[in-house]
Amino acid sequence: MYARITGTGSYLPARIMTNADMEKVVDTTDEWIRDRTGITQRHIAAAGEYTVDLAEHAARRALQAAGKKAEDIDLIIVATTTPDRIFPSTACLLQQRLGIHGCTAFDVQAVCTGFVYALGIANNFIRAGSTRCALVIGAETLSRIVDWKDRTTCVLFGDGAGAVIVEASDEPGILSSHLHADGSYEHLLNVPYGISHGVDQLRTLDAYITMKGNEVFKVAVNTLGRIVDETLEANHLKKSDINWLVPHQANLRIIQATAKKLSMNMDHVVVTVDKHGNTSAASVPLALDTAVRDGRIKKGETVMLEAFGGGFTWGSVLLKL
Ligand code: UT7
């Protein structure tokens with residue numbers, strides 16, 4: 001029994017903020033952002049548009065692509081760092097939107113690695129026989145937790161959602177997942193306050209993303225190099241057996257380093273960071289959906305998904321589409 005992706009979907013908020021727009025907000029330049037990150041623009045959720053709204057659009061598109069109805073779903077996992085409420089979970093809010101009742105539904109918090117974690121979890125649910133049809137989503141409104149006065153972070157992030165339908169199948173689908181974390185790196189990338197500080201306290205604190213970008217960069221490149229090796233070894237595959245790399249979209253230079261590690265031509269690497277910025281848990285499913293819909297990634301091809309983010313967390317999923 002395999003867990004196989006049978007449909008993908010994604011959604012980006014209508015409002016686009018270009019690097020030129022950023023120049024009006026903080027002391028930065030289009031040239032700096034392009035050179036250091038590869039980003040040219042990002043999408044920003046409208047006032048009153050929340051994570052579950054983005055997730056719902058992406059979910060409906062994935063359902064349509066898979067030829068499934070909402071009532072076929074028996075597991076919903078939403079990976080998000082920016083849930084709409086303290087509770088209920090975004091997965092429960094989404095379940096209500098989709099008009100389904102009773103199935104397992106929960107959120108996963110692994111920051112930028114969230115979707116890879118969620119897909120690995122769904123794979124285990126399906127292989128254990130407790131799920132037939134899972135909806136797995138990465139959805140974020142990162143623009144709500146960036147400090148718009150901090151040029152070192154606000155230029156990097158964007159909003160969006162990506163979704164997949166994962167079904168039990170006799171055909172090979174997900175071949176392996178590799179999920180890791182090391183909380184001792186917490187100080188390099190975090191939001192320093194959360195809900196256990198108390199709602200009243202939170203109002204007076206700077207609960208924004210803080211990052212020592214340069215240090216994160218170095219650990220990300222090394223760690224993603226290691227996860228590539230681990231994934232190939234676990235599957236007894238050579239680099240040349242991988243048709244597509246769908247990486248987390250934080251920085252074009254990090255993506256190029258991982259592609260180099262795989263000896264992979266950039267033609268076989270899905271890059272969306274230029275248009276989406278870093279959408280955290282949404283970035284991998286957004287990139288996957290982009291390349292499936294434009295016909296680049298075809299059924300039967302071998303695809304490596306990988307991500308790295310706050311925690312630190314990191315991981316990969318190897319799959320046949
Ligand atoms: O998704 C989760 C994981 N996150 C990541 O993987 C992000 C990893 N890190 C990065 O992508 C890069 O480190 C950044 C894009 C965040 C920064 O690029 P960098 O090449 O590492 O730059 P830096 O932090 O070393 O800063 C270089 C200079 C500094 O000025 P000085 O000290 O050299 O005078 C910064 O103050 O660039 C300055 N700077 C900016 N200048 C213009 C920082 N942000 C900006 C900005 N515009 N937006």
Side-chain angles (χ1 to χ4, degrees), residues 17-42 79-82 108-117 138-143 145-160 162 179-183 185-191 208-228 245-259 261 271-274 276-287 305-316:
M17 210 172 161
T18 63
N19 290 349
D21 296 327
M22 279 292 173
E23 289 176 358
K24 293 174 198 143
V25 177
V26 284
D27 178 19
T28 191
T29 60
D30 173 48
E31 192 190 4
W32 189 95
I33 303 171
R34 273 178 205 259
D35 286 356
R36 303 287 176 133
T37 70
I39 297 168
T40 66
Q41 62 169 53
R42 68 289 290 145
T80 187
T81 313
T82 45
V108 163
Q109 162 57 304
V111 203
C112 299
T113 319
F115 177 80
V116 169
Y117 263 65
E140 300 278 18
T141 45
L142 263 290
S143 63
I145 59 165
V146 295
D147 179 353
W148 287 95
K149 293 188 194 77
D150 177 6
R151 70 174 183 173
T152 69
T153 51
C154 75
V155 301
L156 305 174
F157 296 98
D159 301 332
L179 309 178
H180 298 282
D182 187 342
Y185 288 100
E186 161 274 326
H187 58 290
L188 295 183
L189 174 56
N190 61 52
V191 173
Y208 300 119
I209 295 175
T210 66
M211 177 164 71
K212 294 198 171 70
N214 211 302
E215 291 174 59
V216 176
F217 187 98
K218 286 179 219 150
V219 184
V221 168
N222 289 331
T223 307
L224 289 169
R226 284 205 310 277
I227 198 81
V228 162
L245 175 65
V246 182
H248 171 49
Q249 310 282 325
N251 186 314
L252 184 59
R253 290 182 292 143
I254 297 177
I255 295 172
Q256 286 165 336
T258 311
K261 176 81 190 173
V271 175
T272 53
V273 69
D274 54 335
H276 302 171
N278 181 348
T279 58
S280 189
S283 96
V284 169
L286 262 164
L305 315 181
E306 51 85 340
F308 178 90
F312 288 153
T313 55
W314 65 98
S316 68

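Numbering of ligands and ligand atoms starts at 1, following listing order. Small disclaimer: the values here were computed from a predicted structure and weren't measured.
Among all protein heavy atoms, the one lying closest to atom 18 (O) of ligand 1 is Arg253 NH2, 3.7 Å. Among protein heavy atoms, the minimum distance from atom 2 (C) of ligand 1 is reached at Cys112 SG, 3.4 Å. Here the protein heavy atom with the shortest distance to atom 9 (N) of ligand 1 is Gly213 O, 3.0 Å. Among protein heavy atoms, the minimum distance from atom 23 (P) of ligand 1 is reached at Asn214 ND2, 3.8 Å. For atom 36 (O) of ligand 1, the closest non-hydrogen atom of the protein is Arg151 NH2, 3.2 Å. Here the protein heavy atom with the shortest distance to atom 19 (P) of ligand 1 is Arg36 NH1, 3.7 Å. Of the protein's non-hydrogen atoms, Trp32 CH2, 3.9 Å is the one closest to atom 17 (C) of ligand 1.
Of the possible donor and acceptor atoms, none in the side chain of Glu215 sits under 3.5 Å from a partner among the backbone N and O of Gly213. Looking at Thr279, its side chain never comes within 3.5 Å of a backbone N or O of Gly160 through a donor-acceptor pair. A donor-acceptor pair under 3.5 Å links the side-chain atoms of Arg253 to the main chain of Arg36, judged by distance alone. Of the possible polar contacts, none joining the Ser283 side chain to the Asn278 backbone as a donor-acceptor pair under 3.5 Å is found. Between the side chain of Tyr117 and the backbone N or O of His180 there is at least one donor-acceptor pair closer than 3.5 Å. Side-chain atoms of Glu31 do not come within 3.5 Å of backbone N or O of Ile33 as any donor-acceptor pair. Without hydrogens or angle criteria, Arg42 side chain to Val155 main chain gives a donor-acceptor distance under 3.5 Å.
Relative ring orientation between Phe312 and Phe308 is described as tilted, the plane-to-plane angle lying within the 30° to 60° band.
Residues meeting the ring-ring contact (aromatic ring centres under 6.0 Å, His included) test with Tyr208, sequence neighbours left out: none. With sequence neighbours excluded, no residue forms a ring-ring contact (aromatic ring centres under 6.0 Å, His included) with Phe157.
Using a 4.0 Å cut-off between heavy atoms, Thr28 contacts ligand 1 through both its backbone and its side chain. Both the backbone and the side chain of Phe217 come within 4.0 Å of ligand 1, judged by heavy-atom distances. In Val155, the part holding a heavy atom less than 4.0 Å from any atom of ligand 1 is the side chain. The proximity of Asn251 to ligand 1, defined as any non-hydrogen pair under 4.0 Å, is limited to the side chain.
For ligand 1, the atoms lying closer than 4.0 Å to a non-hydrogen atom of Asn278 are 1 (O), 2 (C). Listed by atom number, the atoms of ligand 1 under 4.0 Å from Thr37 heavy atoms are 15 (C). Residue Ala250 approaches ligand 1 through these ligand atoms, each under 4.0 Å from one of its heavy atoms: 1 (O), 5 (C), 6 (O).
Residue contacts with ligand 1 include His248, since one or more of its heavy atoms lies under 4.0 Å from the ligand. In this structure, Met22 has no heavy atom closer than 4.0 Å to ligand 1.
Contact annotation for atom 41 (N) of ligand 1: protein present (non-hydrogen atoms, distance under 4.0 Å). Within the 4.0 Å cut-off (strictly below), no protein heavy atom is located near atom 30 (O) of ligand 1. Atom 34 (O) of ligand 1 lies below 4.0 Å from none of the non-hydrogen atoms of the protein. Inside a 4.0 Å radius of atom 38 (C) of ligand 1 there is at least one protein heavy atom.
The NE2 atom of His248 lies 9.0 Å from the OG1 atom of Thr313; values are rounded to the nearest 0.5 Å.
Side chain to side chain, Gln41 and Thr18 fail the donor-acceptor criterion of an N or O pair below 3.5 Å.
Residue-to-ligand polar distances keep Ile254 apart from ligand 1: every N/O pair is separated by 3.5 Å or more.
By the 6.0 Å contact criterion, CZ on Phe217 is enclosed, its count of non-hydrogen atoms from other residues, nucleotides or ligands being greater than 12.
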